[in-house]
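Okay, so here's the structure we're looking at.
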Amino acid sequence: MPEFKLPENFETYPEARKKAFLTMKELKEQGRRIVGVFCTFTPWELILAADAVAVVLCGIGDDNIPAAEVRLPKNLCPLIKASYGAAVTDKCPFFYFSDMVLAETTCDGKKKMYELMGELKHCHIMQLPPGRYGKGALEFWKQEVISVKEDLEQFYGITITEQKIRDAIHLRNRERKAVLDFFEVARLKPSPITGYEIMTVISSNEFSPDLEEKIAYLEKRTAELKNLYEREYKGKPSRPRILITGCPVTGVMDKVIKRIEEMGADVVGYENCCGPREKKDPIDETKDPITAIAEKYLRVNCSVMSPNPGRLEALGTQIDEYQVDGVVEVLLQACHTFAIESDAVKTFVTREKNIPYLALTTDYSTADQGQIDTRLNAFVEMLQ
Ligand code: BJ8
């Protein structure tokens, strides 16, 4: 069995991170392939078809940001700085043990950061077309999907067969359904699970190398929660129900999500990449698999796409389905695409859906916690 070294400063790491390092080390020692990813546009099916495990590399803490700011500007999105900082300091077990990184040209900050990350590890960068409706966008993107397949084959010295891709699509569609059903438990009123717990379950399962195990766990948990609702929640009054939209929130869970729930409201849904955004949209299993993969990922409703009307449609559906009373938009500092879209989101939420909206611009530090608390408190009070 091959031996893989831990980083030199391993002993200084907090317990949770040590545990994650040891799990990843074990995977490597079992001979598993590991590919780091960042974004919802990434075709995970190809990674699965290469018999590799996909691990998410998005940084969620502010401890490695100073190391990132040695080369990156201070006024950059905290997600980008935290991701690069964790990689460059060897503090992210998922980056450390990844064989390669599968990245994408979404926002300008990320795509330029990947150039620096490429100095540390092989980064395959998918070129995303700037819009999904442009002439030739799908054909261009399809070629990018093919180039991912070819790079995985070359990097690992393997052949990815069409059958392997079809099997991966089928398994991932089943996983999507299990994750979606779990998210949708919070459509029950009152919700038998907090938004904080939802995200804890989703993110702790994200790195599960065994998708069958993950699906089984989520199905069991969903059934348990539905039973719990029937026994203890049904017919009881509901607290105000809040939907989160905007940038990914895994780096501000304690700062925003936990605080909303401590103040007396329930976070029932996420209209962002932490939520069911892409889970609602399975890959067509009847088509040529590469075309089906390209079509599916080009439909992701991210603000980096121009125009991006699908996001408002999805937001409207989620507001109705989850019986939402108010929307909180989380904008990570210096995220221009979501910040610009927030004006349209506010107008849609307040004028078309007739419910209150609050935008919070924040980063991964705790410096603005007092200010965030004041604004959230006023918002929750207004809903009560
Ligand atoms: S599909 S949301 S995961 S790009 S890094 S855009 S917050 S400035 S993360 Fe994203 Fe893919 Fe879109 Fe989803 Fe803004 Fe920060 Fe850029 Fe970000």
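Counting starts at 1 for both ligands and their atoms, in listed order.
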Mind checking whether Tyr114 and Phe38 have parallel, tilted or perpendicular rings, split at 30° and 60°?
-> tilted

Do any heavy atoms of Pro248 fall under 4.0 Å from ligand 1?
-> yes

Is it the side chain (CB and beyond), the backbone, both or neither of Thr40 that lies under 4.0 Å from ligand 1, heavy atoms counted?
-> both

Ligand 1 atoms nearer than 4.0 angstrom to some heavy atom of Phe41 are 1 (S)

shortest atom 10 (Fe) of ligand 1-to-protein heavy-atom contact is with Lys110 NZ, 3.9 Å

With a 4.5 Å heavy-atom cut-off, do Thr317 and Lys280 have their side chains touching?
-> yes

For ligand 1, does Ile80 get within less than 4.0 Å through its side chain, its backbone, both, or neither, judged by non-hydrogen atoms?
-> side chain

Atoms of ligand 1 less than 4.0 Å from Cys77 heavy atoms?
-> 5 (S), 7 (S), 8 (S), 15 (Fe)

Looking only at protein heavy atoms, identify the closest one to atom 14 (Fe) of ligand 1 and say how far it is in Å.
-> Cys335 SG, 2.3 Å

Of the backbone and side-chain N, O or S atoms of Cys273, does one lie nearer to atom 11 (Fe) of ligand 1 than 2.8 Å?
-> no

Which ligand 1 atoms does Cys247 reach within 4.0 Å, using its non-hydrogen atoms?
-> 7 (S)

Distance below 4.0 Å between atom 17 (Fe) of ligand 1 and any protein heavy atom?
-> no

SG of Cys274 to CD1 of Ile198, rounded to nearest 0.5 Å, is 12.0 Å

Between the main-chain N or O of Thr105 and the side-chain N or O of Gln127, is there a donor-acceptor pair closer than 3.5 Å?
-> no

Does Cys107 put an N, O or S atom under 2.8 Å from atom 14 (Fe) of ligand 1?
-> no

Is there a donor-acceptor contact under 3.5 Å from the side chain of Glu104 to the main chain of Met126?
-> no

Examine Val56 and Val330 and state if one hydrophobic cluster contains both, with Ile, Leu, Val, Met, Phe, Trp and Tyr joined whenever side-chain heavy atoms are less than 4.5 Å apart.
-> no

